[in-house]
> 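The structure under discussion is supplied below as structure tokens; questions concerning it will follow.
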2 protein chains.
Amino acid sequence: MPKELSPNIQDYLKRIYELTRDGGLATTSELADLMAISPASVTNMLQKLSNTEPPYLTYTKHQGVRLTEAGRRAALKILRRHRLLEEFLVAKLGYTWDEVHAEAEILEHAMSPLLEERMDAVLGHPEFDPHGDPIPDSNLDIPVIQQTSLANLKIDQGGKILRVPHEDPQVLRYLGKCGMRPGVEIKLLSRTPYDQTMRLLIVETGEEVVIGPKLGGQITVRVG
Amino acid sequence: MPKELSPNIQDYLKRIYELTRDGGLATTSELADLMAISPASVTNMLQKLSNTEPPYLTYTKHQGVRLTEAGRRAALKILRRHRLLEEFLVAKLGYTWDEVHAEAEILEHAMSPLLEERMDAVLGHPEFDPHGDPIPDSNLDIPVIQQTSLANLKIDQGGKILRVPHEDPQVLRYLGKCGMRPGVEIKLLSRTPYDQTMRLLIVETGEEVVIGPKLGGQITVRVG
DNA sequence: ACTATTATTTAGGCTTACCTAAAAGTAGTC
DNA sequence: GACTACTTTTAGGTAAGCCTAAATAATAGT
Ligand SMILES: [Mn+2]
Ligand SMILES: [Mn+2]
Ligand SMILES: [Mn+2]
Ligand SMILES: [Mn+2]
């Protein structure tokens, strides 16, 4: 049976899950970048995780990796804890949404099943974390949400913000100040031709917000 | 400057603090027992911790160790987190007092200064944890409390329970069922001559409780 | 197709924190 | 003061998870 995975390994699996949600492969260098360690260390770990019984991922030399079902479940388990923690910190301990990711990144590895269950209960089984990411339920089922990147919005098209990137506190503080939160209705006013910078209208307040293409690609909306 | 201490080291220092609160020395084998590791490993770590700059403890070969001021502060820091966590889990997440120690033993190492501060605040700066142990304040000041072990109580002498041992869930469930909680008034009814078993009266309920000498030595009261 | 660049893997090492086995020190008993 | 039982230390070794440097594979430009 799968013994307890180390914090490192839990983070590897979570990263690989995020990188392969689109169906592709995660590469050595992407992982090395994200985790700020050397590519050699990543290769080592990927080989190790593909040789366990059962394997957590399938590894093709020089191509990349993808999670097995065992790997996906392990990733969702830690993702559930991460997102529950973020929600808990905001809802019950007065954290702002830019403070919670780093904290959850550590605490997720110290969280027992009991604590997970109690937090879930006192929060009323929340479906989304503060950044709009869905929280897998206790069976690790995670809803598939119909959504598009801001980058795909057409001029004058409106939509409701579903999720924003969650790792960078600076970005989150900026978005918060602009009123760009999950649930907020926006409308695309313009997109500059060369650098794809967007001007958005926050419908409720009438305020205008400028979002670059890199950030815009990471914000998702429901069109309509 | 003191870099971040590893979870292991934090636990070593906390254990040594507990073993030397009476002013004595902590020995290699006591620590090996408590931490369930080999004496050789303990020796190794004690030497290491006495050779840091600044040293966390003073080590005398074959005699034992005692904390330096740096060691004491590190121990109190982690003890504060441990006890705040225990209180938080009981007060805010519906834990029973026998469930919190094991959980806190892990979480204490994953707790940021910010989380410590927020928990302290939402709890209203509690002075005691669920087992009656004092929580060091944010300056690491810890109150000295006038108290005696149950073992020192004279027949017919009464007192208020101050603290109970906190590590063993079974013991805690037993004490809980008997009504032996911090704050409860008791009176010593009898003590058997050979094995020192005590019969106690819970004043409020009129119930009688039997406590052996080993457990009795770990429960403290304020006489009166 | 060849070469330059970039990505990945292999090889060899380091640190932390544990282990066992053997050596050495301490203390209590005669 | 010597013997014995017990505790502690030393010596040598392991596993994780990281590192750098060197070797190899993949990719892109001409
Ligand atoms: Mn996050
Ligand atoms: Mn993490
Ligand atoms: Mn405790
Ligand atoms: Mn601990």
Side-chain angles (χ1 to χ4, degrees), chain A residues 1-16 19-20 24-53 55-67 71 74-75 78 105-106 108-110, chain B residues 1-16 19-20 24-53 55-67 71 74-75 78 105-106 108-110:
Chain A
M1 266 289 112
K3 33 174 195 219
E4 187 72 13
L5 299 172
S6 75
N8 284 304
I9 291 176
Q10 294 177 334
D11 280 341
Y12 269 100
L13 295 176
K14 197 169 43 136
R15 292 300 197 176
I16 294 166
L19 287 171
T20 58
L25 295 167
T27 67
T28 302
S29 46
E30 283 172 329
L31 286 164
D33 273 9
L34 281 171
M35 311 189 67
I37 61 181
S38 75
S41 302
V42 173
T43 296
N44 222 52
M45 181 60 88
L46 297 182
Q47 290 173 344
K48 184 176 137 190
L49 292 178
S50 66
N51 287 319
T52 53
E53 189 45 58
Y56 291 102
L57 37 88
T58 59
Y59 168 69
T60 321
K61 250 193 195 183
H62 295 105
Q63 305 297 304
V65 290
R66 117 179 335 136
L67 295 174
I78 193 71
E105 199 58 61
I106 305 293
E108 62 191 0
H109 310 294
Chain B
M1 265 288 112
K3 31 172 196 220
E4 188 70 14
L5 299 172
S6 76
N8 284 304
I9 290 176
Q10 294 177 334
D11 281 341
Y12 269 99
L13 294 175
K14 197 168 45 133
R15 291 299 197 178
I16 295 166
L19 288 171
T20 58
L25 296 168
T27 67
T28 302
S29 46
E30 284 172 328
L31 286 164
D33 273 8
L34 282 171
M35 310 189 67
I37 61 179
S38 74
S41 301
V42 174
T43 296
N44 220 51
M45 182 60 87
L46 297 183
Q47 289 173 345
K48 184 177 138 189
L49 292 178
S50 65
N51 286 321
T52 52
E53 187 48 54
Y56 290 102
L57 38 88
T58 60
Y59 169 70
T60 321
K61 252 194 195 182
H62 296 105
Q63 305 297 307
V65 290
R66 117 179 335 138
L67 294 174
I78 193 70
E105 198 57 62
I106 305 293
E108 62 191 1
H109 309 293

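Side-chain atoms are counted along with the backbone in the values below, which use heavy atoms only and exclude waters and symmetry mates.
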> Test of understanding: with side-chain contact (heavy atoms from CB on, under 4.5 Å), list the residues that count as partners of B/K48, not counting sequence neighbours.
B/I9, B/M45
> Rounded to the Å, how far apart are A/D33 CG and C/dT8 P?
10 Å
> Test of understanding: with side chain to side chain donor-acceptor pair (under 3.5 Å), list the residues that count as partners of B/S41, not counting sequence neighbours.
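So B/S41 forms a side chain to side chain donor-acceptor pair (under 3.5 Å) with B/S38.
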> So, OP1 or OP2 of D/dG17: does either fall under 4.0 Å of a side-chain N or O from A/S6?
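A/S6 to D/dG17 OP1/OP2: side-chain N or O found under 4.0 Å.
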> So, taking the atom named NZ in B/K61 and the one named CG in B/L46, what distance separates them when rounded to the nearest 0.5 Å?
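CG of B/L46 is found 13.0 Å from NZ of B/K61.
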> Quick check for you: to the nearest 0.5 Å, what is the distance between B/R15 atom CZ and B/T20 atom OG1?
13.0 Å
> Sequence neighbours left out, what passes side-chain contact (heavy atoms from CB on, under 4.5 Å) with A/S29? Give chain and number order.
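By the side-chain contact (heavy atoms from CB on, under 4.5 Å) rule, A/S29 matches A/T27.
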> Return the value, rounded to whole Å, for the distance between atom CG of B/D11 and atom P of C/dA17.
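Spelled out: CG on B/D11 to P on C/dA17 is 12 Å.
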> To the nearest Å, how far apart are A/L31 CG and C/dT9 P?
11 Å
> Shorter than 3.5 Å, N or O on both sides, protein versus nucleotides 6-13 of chain D: list them out with atom names.
from	atom 1	to	atom 2	distance (Å)
D/dT8	OP2	B/S29	N	2.9
D/dT8	OP2	B/S29	OG	2.4
D/dT9	OP1	B/Y59	OH	2.3
D/dT9	OP1	B/H62	N	3.0
D/dT9	OP2	B/T28	OG1	3.0
D/dT9	OP2	B/T43	OG1	2.7
D/dT9	O5'	B/Y59	OH	3.3
D/dT10	OP1	B/K61	NZ	3.0
D/dT10	OP2	B/Q47	NE2	2.6

> State which residues pass side-chain contact (heavy atoms from CB on, under 4.5 Å) with B/I106; sequence neighbours excluded, sorted by chain then number.
A/A110
> By side chain to side chain donor-acceptor pair (under 3.5 Å), which residues pair with B/Q10, not counting sequence neighbours?
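Counting only residues at least two positions away or on another chain, B/Q10 forms a side chain to side chain donor-acceptor pair (under 3.5 Å) with B/H109.
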> Give the rounded distance in Å between these two atoms: CG of A/L25 and P of C/dA7.
16 Å
> To the nearest Å, how far apart are B/M35 CE and C/dA17 C1'?
11 Å
> Whole angstroms only, please: what is the CD1-P distance between B/I37 and C/dT20?
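These atoms are roughly 11 Å apart.
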> Verify the contact: side-chain N or O of B/K48 to OP1 or OP2 of C/dA17, cut-off strictly under 4.0 Å; return yes or no.
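Yes, within the criterion.
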> The side chain of A/S38 is closest to which nucleotide in this list: D/dC19, C/dC19, D/dG17?
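When the side chain of A/S38 is considered, D/dC19 is the closest of D/dC19, C/dC19, D/dG17.
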> Expressed as a whole number of angstroms, how long is the span from B/L49:CG to C/dC18:P?
11 Å
> Can you check the B/H109 NE2 to C/dT16 P distance for me, whole Å?
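Computing the B/H109:NE2 to C/dT16:P distance gives 18 Å.
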